[in-house]
2 protein chains.
Amino acid sequence: MLSHERMLSVLDLFDLERPEWSFDEMHAQLGFSRSTLYRYLKTLTDAGFLTTFPGRGYSLGPRVIELDYQIVATDPLIHVARPVMNELVLGYSGVSLLCRRYKQKVLCIHQETSTDQFRSTYERGRARPLLQGAASLAVLAHFSTYQLTKLYDEQSGEFALAGLGDTLPEVRETLKGIRQRGWVKTTGQVTKGVTGIAAPIFDGKKEIIGSLSLTLPETSMPAEREEAIAERVVFCSRIISKSLE
Amino acid sequence: MLSHERMLSVLDLFDLERPEWSFDEMHAQLGFSRSTLYRYLKTLTDAGFLTTFPGRGYSLGPRVIELDYQIVATDPLIHVARPVMNELVLGYSGVSLLCRRYKQKVLCIHQETSTDQFRSTYERGRARPLLQGAASLAVLAHFSTYQLTKLYDEQSGEFALAGLGDTLPEVRETLKGIRQRGWVKTTGQVTKGVTGIAAPIFDGKKEIIGSLSLTLPETSMPAEREEAIAERVVFCSRIISKSLE
DNA sequence: TCTTTAATCCCATAAAATGAGATTTTTATT
DNA sequence: AATAAAAATCTCATTTTATGGGATTAAAGA
């Protein structure tokens, strides 16, 4: 199935650095014939994934916005978490992120903030490194044995680099520790100068589906404060998990 | 190009009513063979447009969220309009909508609100009827002659239903009136019990690209109030247009 | 209204998609 | 940890569609 992938690969051209492309630029970059490229563009434009603004070339189209609206409007996780997160950031001045697990990806899907002091580099639509940062580790710690083994086989070097262990058994021990603690804290691992505390979120079948985190602009804090914040984050994540049963 | 469209048509299954589908449900609904459907689903899942949650079937995938983030992060219209709209709703208690024109579609791409008194039924990702409501009429009034003629040929009945005129010349006169006034007001045309006042937004080449509107929970208001609000909306829309030059 | 640019259509040939069923992977259960 | 069940992928002869080069049409610009 080569042709379908080729067509969808056109969409990979559009990123934060290059949100607009002229036909000639795409033609030069992709190496498809003019006819084929116009044909792909027509299909993607008719379906709403791309659009043309006269004199400006091609951009991502309205269907993307509509589909994302649909996700926001129908995802029970976002619906349930929103008020909880809103309350969480009223209590502690920081940024709360809601992340969803998609297979081997952890993606931010909602954020609430109560501070102008710093801006999280993460917001809805931004993927997190899977092996770093509290929000991801809170999810990774609950991967099934099968999925963790598979991931380790594919990326064993990155596990060591992330400090999670040099062998699979070591990694399992590290993640078991996180599971038993019920929350995880990282400092400056993903974003300099901040501390993130995260706890896992489960669906009605007790499967790991995401994490709730709170990010604060502090690189060190007294143990009592850390414990109090962690207890609140865990408390909130449990409310969310229970609401999804 | 039948096969590409067939594959993309799978995505049309997912809507607000049915955000999740099992393989068997899709198979029954679409009429493709099992092999073909699995193959389409693999391509769409690998590209991130769909995802599977074990035991729950298929849903829209992370790529949609990421692409929408990209649009939000790179669209100069949103970037420029956000602070202006924030200030607008601080002055008048209502909901301000930013709409973008995509060919023959007007889509909400950003909203700011300062009231809990009512919720707009429109927000980012919701399309507006093209021939009704202030936000759309503010755009329609600036369609090129060619585009308006083409649209009229396709939907002449809807123009009459919308009260814009029974013939193309009449429609042109109506829209000319809106253009010359610089703003347009509608009451209860799209949403009952509210009044919308909208003004057009142009890009650097003076082409119509969208509209800015303010929606208020009032079905009638004194003429002076209406004029003052319209003047503010026009003022804000001009700031946005100038910022895009 | 006319000219230029962008986009679509045509058609013989080449390539890929298809569907039925075998096989492998992943999840769920014990 | 092992096994069974469910989900997903692979195989291959046949069928269908995609391709590319250039002709033609549509849309934008002057």
Side-chain angles (χ1 to χ4, degrees), chain A residues 1-10 20-27 30-46 50-59 101 103-104 142-154 168-169 172 203-209, chain B residues 1-10 20-27 30-46 50-59 61 101 103-104 142-154 203-209:
Chain A
M1 191 183 289
L2 209 57
S3 189
H4 297 94
E5 283 94 334
R6 282 174 25 126
M7 184 182 72
L8 289 180
S9 76
V10 173
E20 292 180 353
W21 290 74
S22 71
F23 178 85
D24 289 333
E25 289 169 341
M26 284 193 269
H27 183 229
L30 291 167
F32 307 153
S33 74
R34 296 188 75 87
S35 292
T36 296
L37 182 54
Y38 264 124
R39 200 181 285 119
Y40 289 163
L41 292 172
K42 177 173 166 58
T43 299
L44 291 170
T45 300
D46 288 348
L50 290 181
T51 192
T52 57
F53 296 120
R56 285 211 358 237
Y58 289 78
S59 309
R101 175 200 175 189
K103 294 283 171 354
Q104 295 184 355
H142 294 270
F143 266 43
S144 71
T145 303
Y146 179 84
Q147 288 291 337
L148 184 62
T149 304
K150 189 160 178 292
L151 184 64
Y152 189 82
D153 287 348
E154 293 167 10
L168 185 53
R172 286 192 194 288
D203 69 5
K205 308 167 75 168
K206 307 306 170 202
E207 296 295 325
I208 185 70
I209 62 167
Chain B
M1 190 182 290
L2 208 57
S3 189
H4 296 94
E5 282 94 334
R6 281 172 29 125
M7 183 182 73
L8 289 179
S9 75
V10 172
E20 293 181 350
W21 290 73
S22 71
F23 178 86
D24 290 332
E25 289 169 341
M26 282 193 271
H27 182 230
L30 290 167
F32 307 152
S33 74
R34 297 188 74 88
S35 293
T36 296
L37 183 53
Y38 264 123
R39 200 180 282 116
Y40 288 163
L41 291 172
K42 177 174 168 57
T43 299
L44 292 170
T45 300
D46 288 348
L50 290 180
T51 192
T52 57
F53 295 121
R56 287 223 341 250
Y58 288 78
S59 308
R101 177 203 175 185
K103 294 285 168 2
Q104 295 184 356
H142 294 268
F143 267 42
S144 72
T145 303
Y146 178 86
Q147 288 290 336
L148 185 62
T149 304
K150 190 162 178 287
L151 183 64
Y152 190 81
D153 288 347
E154 293 167 8
D203 70 5
K205 307 166 77 169
K206 307 307 169 198
E207 295 296 324
I208 185 68
I209 61 166

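Since the structure is predicted, the reported quantities are computational estimates derived from the model, not experimental observations. Letters A, B, ... mirror the listed sequences (proteins, then strands); counts begin at 1.
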[X] [atom1] to [N] [atom2]: how many Å, rounded?
X       : N      : atom1 : atom2 : answer
B:Arg34 : D:dA6  : CZ    : P     : 12 Å
B:Arg39 : D:dC12 : CZ    : P     : 14 Å
B:Tyr38 : D:dC10 : OH    : P     : 13 Å
A:Arg56 : D:dA28 : CZ    : P     : 14 Å
A:Lys42 : C:dA7  : NZ    : P     : 11 Å
B:Asp24 : D:dA8  : CG    : C1'   : 13 Å

message: So, under a plain 3.5 Å distance rule, would you say the side chain of B:Ser35 forms a donor-acceptor pair with the base of C:dA20?
response: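 It does, because a donor-acceptor pair links the side chain of B:Ser35 to the base of C:dA20 below 3.5 Å.
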
task: Answer with base, sugar-phosphate or nothing: what part of the nucleic acid does B:Tyr58 contact at a heavy-atom distance below 4.0 Å?
output: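 The residue B:Tyr58 makes sugar-phosphate contact but no base contact.
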
query: Of all residues at least two apart in sequence or in a different chain, which pass the salt bridge (Lys or Arg N to Asp or Glu O under 4.0 Å) check with B:Glu207?
result: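 By the salt bridge (Lys or Arg N to Asp or Glu O under 4.0 Å) rule, B:Glu207 matches no residue at all.
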
field: Set of salt bridge (Lys or Arg N to Asp or Glu O under 4.0 Å) partners for B:Asp24, sequence neighbours left out
entry: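 Salt bridge (Lys or Arg N to Asp or Glu O under 4.0 Å) check on B:Asp24 returns B:Arg34.
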
query: How far does the helix from C:dT1-D:dA30 to C:dT30-D:dA1 bend, going by the axes of its first and last five pairs, to the nearest 10°?
result: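 End axes: 90° apart.
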
- prompt: Excluding sequence neighbours, so at least two apart, what forms side chain to side chain contact (heavy atoms under 4.5 Å, CB included) with A:Tyr38?
  reply: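 Residues passing side chain to side chain contact (heavy atoms under 4.5 Å, CB included) with A:Tyr38: A:Phe23, A:Tyr58.
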
message: So, using side chain to side chain contact (heavy atoms under 4.5 Å, CB included) as the criterion, who are the partners of B:Lys103 when residues are at least two apart?
response: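 Listed in chain order: A:Thr51, A:Thr52.
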
Whichever of A:Asp46 and B:Ser33 has its nearest DNA chain C nucleotide further upstream toward 5':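 Checking each residue's closest nucleotide, the 5'-ward one belongs to A:Asp46.
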
query: What string of B, S and - do you get for nucleotides 23-30 of chain C, 5' to 3', when a contact is any protein heavy atom under 4.0 Å?
result: --SBB---

- request: Would you please confirm or rule out a distance under 4.0 Å between OP1 or OP2 of D:dT19 and any side-chain N or O of A:Tyr40?
  value: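 Answer yes for this pair, as a side-chain N or O of A:Tyr40 is under 4.0 Å from OP1 or OP2.
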
